[in-house]
Amino acid sequence: MGNKGGSEAWAFIKQVVAGRWFSVFAGLIMMIGNGTTYVFPTYSKVIKTQFDYSQTQINTLGFAKDLGSNIGIIAGLLAEVTPTWVLFIIGAFQNFTGFFLIWLSITARIAKPKFWQMFILVCFGTNSSNWANTAIMVTSVRNFPDRRGIILGLLKGYVGIGGAIISQLYLAIYGHNDPSNLVLLFAWLPSLLILILFPSIRPIRIRKHPDELKVFYQLLYVSILLAIFILFLTIAQKQVVFSQAGYVGGASFVVCLLCVPILIACREELLLYKLNKETAAPSVALSMLHQNPPTLPTSADSEIPEISPSCCPNIWNKPERGEDFTILQAVFSKDMALICLATFSGCGSSLAAIDNLGQVGESLGYSQRAIGILVSWVSIFNFFGRVFSGFISETLMTKYKLPRPLTFAFAFLITCVGQLFIAYPFPGSLYLAAIIIGFGFGAQNPMLFAVISEMFGLKRYSTLFNCGQLAAPFGSYILNVDVVGKLYDMEALRERKQIAGKGLTCTGAHCFGGSFTVLAAATLFGAVVMFVLAYQTREFYKRDVYKNFNEEIWIPQTEMEFYRLDNKKNIED
């Protein structure tokens, strides 16, 4: 009996690890590591102090961070022709190498790098997130093709809150005395998580569970609880001095909440496991179903080179929306042009607003403690925006047949309101602006990836979504440097106020009033572009966007047994 019980337990464990829900859990945990890009304001202070960089140089490194975290075209192209584990290995190596070299330089363990070398290191380290991001998102969307808005919202939500989670782990492991250790944690923790969990990320094609949406909502509730806890924890840490034991206790509770999805996965797999035992089908059938399923055709299964003698003429011979586009067909389409234009102006202005939030607080007389709370709130409400936009847009699209770009447009409008609160401030307006901009920018992110997947199909999705997001850092650079930076310098020159270590500074609402009015106008323009796209695609979204995927999803052995049991009961009756 003991051997039988042990073998059954081992079989169940293997089934859980091989299942779709554990794959979702693994993706969420690895996405936390990609949240290091949102903690740049914290470790950039260490870089500025150690190397005596000017604020202009730090802003340039901020652009390197944005550029690196959004250039994923190479990862997307490689995902077309290689298995996902290749992307994970490259990402883990690149993450460790980039951030470890940054840590070595700021702790003076290697020679001081030149500024252009530091630019490359920051860009190289943050670019590592694209490899895991591409592999996880593409695989998850193919595993849940008719829940893509929801799964993208959850995944990108954990990226948004990942910086806050890693910051809590840093405080628990290293304390707060040496901020350079935060960069060391960036080097080894995300890489370790990838190496442990990446085998779980692979195509698993089975028919959806009848209560699949209910399970996703349970994951949503857990993630909301996690975000709320971190929100109050960060506020408490700003108000009260925590001991090391206090930091450890807070981080331990965060880790416990992160592990709750494992229990959900075990419960769902236990249902399938019991079903298999009650039927004549051996339990091996389910594990084989998880390991060797018939998958939808992907680019890796097709011929590697896409260029052929008929490639150029086919650029203008585009399929219907929702069908599989080639890369060039999508890039040269009107829909992609509208998406990139909205991303350039709307997402770019949102990034510029977030990057300058700390400087805005200083100009309005907020304390450093208050500014720290603002930065944490942006990260946390970024998470709320990502997860809620995924669930809400999915409901509006499937139940009410409203175009998903409509939700994208409203996300821009929300962000625009937050930017106007900064342009025309009133007492406490910056707190409201941090919440609104964080939520609005978070809502934009999964919308971009979901719209691209629905318009152009999943066959070249790994490359196309990376093409779409590339417009954001360039919009951010132009608006940040040529608009916000120059207008701020003009106002500072008028005041001619010189502060040691900070150069020319500006104090008052006028410092950012004009520049954030321009940012709000750019975001509003992005909303208008998305309204145009929503109008053009209204007939497309009135159809069943997921019809092809619903027809192609394989019926698993366990569901076949449902029918067998029902038939058997009918015969006996």
Side-chain angles (χ1 to χ4, degrees), residues 30-44 47 58-76 78-79 87-88 90-99 101-102 118-138 152 155-167 182-183 186-187 189-191 193-194 340 343-344 347-355 375 378-379 382-383 386 438 441-442 444-446 448-449 452 462-463 465-480:
M30 284 190 281
M31 280 296 201
I32 293 173
N34 292 348
T36 56
T37 56
Y38 295 98
V39 197
F40 178 77
T42 301
Y43 69 85
S44 64
I47 296 176
I58 291 298
N59 287 341
T60 305
L61 292 181
F63 169 67
K65 178 263 299 180
D66 291 335
L67 187 65
S69 60
N70 285 278
I71 296 182
I73 294 180
I74 297 177
L78 194 60
L87 276 67
F88 284 120
I90 294 175
F93 170 79
Q94 188 172 329
N95 178 84
F96 180 80
T97 304
F99 283 108
L101 288 175
I102 294 174
M118 181 57 70
F119 183 97
I120 292 176
L121 284 178
V122 172
C123 189
F124 185 79
T126 55
N127 180 255
S128 63
S129 63
N130 286 290
W131 299 95
N133 185 64
T134 299
I136 294 169
M137 286 178 54
V138 172
L152 287 174
L155 290 172
K156 300 305 290 185
Y158 273 73
V159 175
I161 204 173
I165 293 174
I166 292 179
S167 296
L182 180 62
V183 182
F186 290 167
L189 181 59
S191 300
L193 292 175
I194 289 173
C340 290
T343 303
F344 178 88
C347 296
S349 64
S350 302
L351 277 172
I354 292 173
D355 288 343
V375 173
V378 168
S379 175
N382 187 331
F383 161 81
R386 292 178 184 225
F441 178 67
Q444 298 165 21
N445 211 277
L448 172 63
F449 302 128
I452 290 176
S462 60
T463 302
F465 88 78
N466 280 301
C467 290
Q469 72 175 3
L470 188 59
F474 290 102
S476 171
Y477 179 77
I478 292 174
L479 293 169
N480 204 353

Side-chain donor or acceptor of S191 paired with backbone N/O of A92 under 3.5 Å: yes

Enumerate donor-acceptor pairs with a distance under 3.5 Å from any side-chain N or O in residues 63-74 to protein atoms, sequence neighbours excluded.
| from | atom 1 | to | atom 2 | distance (Å) |
| --- | --- | --- | --- | --- |
| S69 | OG | K65 | O | 2.9 |
| S69 | OG | D66 | O | 3.1 |
| N70 | ND2 | D66 | O | 2.7 |

From M137 atom CE to L155 atom CG, the distance as rounded to the nearest 0.5 Å: 7.5 Å

Derivation and outcome, side chain to side chain contact (heavy atoms under 4.5 Å, CB included), residues T126 and T36: CA-CA 8 Å; T126 55; T36 56; 5.7 Å; no

Minimum heavy-atom distance L87-A75, with the two atoms named: CD2-O, 3.8 Å

Nearest atoms (heavy-atom pairs only) where I452 meets F465: CD1-CA, 3.9 Å

Donor-acceptor pair, side chain of T134 and main chain of W131, under 3.5 angstrom: no

Donor-acceptor contact below 3.5 Å, side chain Q94 vs main chain F124: yes

Shortest non-hydrogen contact between A471 and C340, atoms and distance: CB-O, 3.6 Å

Residues that N34 engages under side chain to side chain donor-acceptor pair (under 3.5 Å), provided they are two or more places apart: none

Nearest-0.5 Å distance, CE of residue M30 to CZ of residue F88: 4.0 Å

CG-CG distance between L189 and L182, expressed to the nearest 0.5 angstrom: 10.5 Å

Shortest non-hydrogen contact from G442 toward N382: CA-OD1, 3.2 Å

Approximate separation, where rounding is to 0.5 Å, of N130 CG and S462 OG: 12.0 Å

Side chain to side chain contact (heavy atoms under 4.5 Å, CB included) between L470 and N466, intermediate numbers included: CA-CA 6 Å; L470 188 59; N466 280 301; over 6 Å; no

Side chain to side chain contact (heavy atoms under 4.5 Å, CB included) evaluation trace for L78 with I90: CA-CA 11 Å; L78 194 60; I90 294 175; 3.6 Å; yes

Side-chain heavy atoms of N133 within contact of K156, under 4.5 Å: yes

Pairing residues for F344 by the ring pair (Phe, Tyr, Trp, His ring centres under 6.0 Å) criterion, not counting sequence neighbours: none

Side-chain donor/acceptor of S379 to backbone N/O of G160, under 3.5 Å: yes

Heavy-atom pair with the smallest gap, counting every atom of Q444 and S350: NE2-OG, 3.1 Å

Residues which pass side chain to side chain donor-acceptor pair (under 3.5 Å) with T463, listed by chain and number, not counting sequence neighbours: E80

Pair Q469, T343: side-chain N/O donor-acceptor within cut-off below 3.5 Å: no

Results of side chain to side chain donor-acceptor pair (under 3.5 Å) for N445 - residues two or more places apart only: none

N95 CG to I194 CD1 distance, which is reported to the nearest 0.5 Å: 6.0 Å

Set of ring pair (Phe, Tyr, Trp, His ring centres under 6.0 Å) partners for F99, sequence neighbours left out: F186

